[in-house]
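Right, one structure below, let's go through it.
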Amino acid sequence: MHIITEPLLEEGLRILQTVGEVKVLEHPSQEVLVKEIVDADAIVVKFAKVTRECIEASKRLKIIAKHGVGVDNIDVETATQRGIWVTNVPSVNADSVAEFTVGLILAVARKIPEGVEQIKAGEWRRESLLGMELKGKCLGIVGFGNIGQRVARKISGFEMRVIAYDPYVSEEKFLQYGVELVDLNTLLKEADIITLHLPLNRETRGLIGEKELRIVKSSAFLINAARSEIVEKYALLSALKEKRLAGAAIDVFDNEPPSPDDPLLKLPNVIGTPHIAAMTREVQEKIVKTVCDDVVRVLNGQVPLNPVNWVET
Ligand SMILES: NC(=O)c1ccc[n+]([C@@H]2O[C@H](COP(=O)([O-])OP(=O)(O)OC[C@H]3O[C@@H](n4cnc5c(N)ncnc54)[C@H](O)[C@@H]3O)[C@@H](O)[C@H]2O)c1
Ligand SMILES: O=C(O)CC[C@@H](O)C(=O)O
């Protein structure tokens, strides 16, 4: 039996049914997941948390397949210790996420959502919507992997200076994209727009905190379409309230969906979207096939094509 924790495109169900019965749990609580995972051979997960408790409750689990890139909602260490494959779908959503990031940059720098709200409310207060031109400004990309590189490529027509920080990418890669490699402090000091494209893990949790937000220009904007916890929420709130940061565009929240009372969403200089950077028809159709094909491979005794861990034999 295979478990799916969130609704999946029909094509995915069809592929999974070739190797067994499929049970769709719509956004299960931890309690439900711990109970349901006991007899599962495979689990396909979008946002549900596959914790140590879940993994330890499972008796037959062979694969935890992430419908996306970031595996921060899966306890990869425990899965690895127990010989369970964890897979993801790298690069497939990178173009859509990069396109969306460019959209967020334009939206926040040119106050597009406020303009839409005003006109729908029958208002015409153009003077309150003075934006920032991108030409000649500096874009700072933190995390220069699949998405970060595509953001650099897609923004090139806007004639910005592009700098990036990524300690794990070779200098040649930055040269290839015409991007200046800098350290994090330089990026925070010099960027007019800072955009995050790195995974959430022990090293990156809270990477952008009080100290870092005191370095940024007060005219700068922060874009986060990576993971919420990379930025310390209360440090971000203070920076925005005290106008030490001009604005933020955020696609990811620590509790999704966020409460309508989330203090970040109450701020006029914050744009929020419901984790939709990868939500295009093209991406969803490709992801579902890749993620389910790996489940089939593992259940047929083959090595998956997109493992994020390994199992010692
Ligand atoms: N909002 C969404 O819908 C959405 C969609 C896709 C991905 N994401 C998030 O975006 C992240 C990046 O995706 P990707 O496809 O570019 O992944 P990727 O693995 O291709 O690139 C991530 C890059 O981050 C770098 N990195 C790691 N630790 C770092 C650190 N401490 N400082 C700077 N750079 C560091 C890595 O070297 C790598 O180059 C994912 O992990 C996921 O959390 C969000
Ligand atoms: O499923 C989605 O649309 C989001 C997944 C995204 O956050 C990812 O890590 O790839």
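This one's a predicted model, so the numbers in the text were calculated from it and none came from an experiment. Ligands are counted one by one from 1 in listed order, and the atoms in each one are counted from 1 as well.
Using a 4.0 Å cutoff on heavy atoms, Pro167 counts as a contact of ligand 1. Residue contacts with ligand 1 include Ala226, since one or more of its heavy atoms lies under 4.0 Å from the ligand. Residue contacts with ligand 1: Leu200 is excluded, as none of its non-hydrogen atoms falls under 4.0 Å.
A donor-acceptor pair under 3.5 Å links the side-chain atoms of Ser128 to the main chain of Arg125, judged by distance alone. A donor-acceptor contact shorter than 3.5 Å links the side chain of Glu212 to the backbone of Gly209.
Salt bridge status for Glu229 with Arg227: absent, with no side-chain N to carboxylate O gap under 4.0 Å. The existence of a salt bridge linking Glu11 and Lys289 is excluded, since no basic side-chain nitrogen approaches an acidic carboxylate oxygen closer than 4.0 Å. Salt-bridge annotation for Lys35 and Glu31: absent, with no side-chain N of the basic residue lying under 4.0 Å from a carboxylate O of the acidic one. Salt-bridge formation is detected for the pair Glu190/Arg161: a Lys NZ or Arg NE/NH1/NH2 atom is positioned less than 4.0 Å from an Asp or Glu carboxylate oxygen. A salt bridge does not link Glu133 to Lys135: none of the charged side-chain nitrogens sits closer than 4.0 Å to a carboxylate oxygen.
Interface atoms of ligand 1 facing Asp251, defined by a heavy-atom separation under 4.0 Å, are 1 (N), 2 (C), 3 (O). For ligand 1, the atoms sitting less than 4.0 Å from at least one non-hydrogen atom of Asn93 are 5 (C), 6 (C), numbered in the order shown with element in parentheses. The Ala277 neighbourhood of ligand 1 comprises atoms 1 (N), 2 (C), 3 (O), with distances under 4.0 Å to a heavy atom of that residue. Per-residue contacts place Gly143 under 4.0 angstrom from the following atoms of ligand 1 (heavy atoms of the residue considered): 24 (O), 34 (N). Those atoms of ligand 1 that come under 4.0 Å of a heavy atom in Val169, given as number and element, are 39 (O). The contact set between ligand 1 and Val97, taken as ligand atoms under 4.0 Å from a residue heavy atom, comprises 5 (C), 6 (C). For ligand 1, the atoms closer than 4.0 angstrom to any heavy atom of Phe144 are 39 (O). Atom numbering of ligand 1 starts at 1 in the shown order; those under 4.0 Å from a heavy atom of Glu203 are 30 (C), 31 (N).
Counting only heavy atoms of the protein, atom 37 (O) of ligand 1 lies nearest to Asp166 OD1, 2.8 Å. For atom 21 (O) of ligand 1, the nearest non-hydrogen atom of the protein is Gly145 CA, 3.3 Å. Ranking the protein heavy atoms by distance from atom 41 (O) of ligand 1 puts Pro199 CA, 3.3 Å first. For atom 11 (C) of ligand 1, the closest non-hydrogen atom of the protein is Leu198 O, 3.6 Å. Looking from atom 13 (O) of ligand 1 to the surrounding protein, the closest heavy atom is Ile147 CD1, 3.3 Å. Looking at atom 42 (C) of ligand 1, its nearest protein heavy atom turns out to be Arg227 NH1, 3.7 Å. In this structure, the protein non-hydrogen atom closest to atom 44 (C) of ligand 1 is Ala225 O, 3.1 Å. The protein heavy-atom contact nearest to atom 28 (N) of ligand 1 is Tyr168 CE1, 3.5 Å.
One side chain, Thr273 or Asp251, offers a donor N or O that lies under 3.5 Å from an acceptor on the other. Asp183 and Thr186 share a donor-acceptor pair across their side chains, judged by distance under 3.5 Å alone. Residues Asp262 and Ser259 bring no donor and acceptor atom of their side chains to less than 3.5 Å of each other. A donor atom on one side chain and an acceptor atom on the other are not found under 3.5 Å apart for Asn306 and Asn88. Under 3.5 Å, the side chains of Glu56 and Thr51 contain no donor-acceptor pair of N or O atoms.
Protein residues with a heavy atom closer than 4.0 Å to ligand 2 are Phe47, His67, Gly68, Val69, Gly70, Asn93, Arg227, His275, Ala278, Gln284, listed by chain and number.
Clustering of Ile, Leu, Val, Met, Phe, Trp and Tyr by side-chain heavy atoms under 4.5 Å joins Trp124 with Ile119.
For His67 and Phe47, the gap between ring centers reaches or exceeds 6.0 Å.
Summarising the contacts of atom 3 (O) of ligand 1 with His275, His197, Arg202, the nearest heavy atom is found in His275. Here atom 40 (C) of ligand 1 lies nearest to Val69 when heavy atoms of Leu196, Ile141, Val69 are compared.
Evaluation of the ring-ring contact (aromatic ring centres under 6.0 Å, His included) rule for Phe144 yields Phe174, Tyr177 as partners, not counting sequence neighbours.
Pairs of residues two or more places apart, or lying in two chains, never qualify as salt bridge (Lys or Arg N to Asp or Glu O under 4.0 Å) while including a residue from residues 80-89.
For Asn201, no nitrogen or oxygen atom sits less than 3.5 Å from a nitrogen or oxygen atom of ligand 1, counting backbone and side chain alike.
Linking ILVMFWY side-chain heavy atoms closer than 4.5 Å, directly or via other members, places Val102 and Met160 in a single hydrophobic cluster.
Protein heavy atoms are found inside the 4.0 Å sphere centred on atom 32 (N) of ligand 1.
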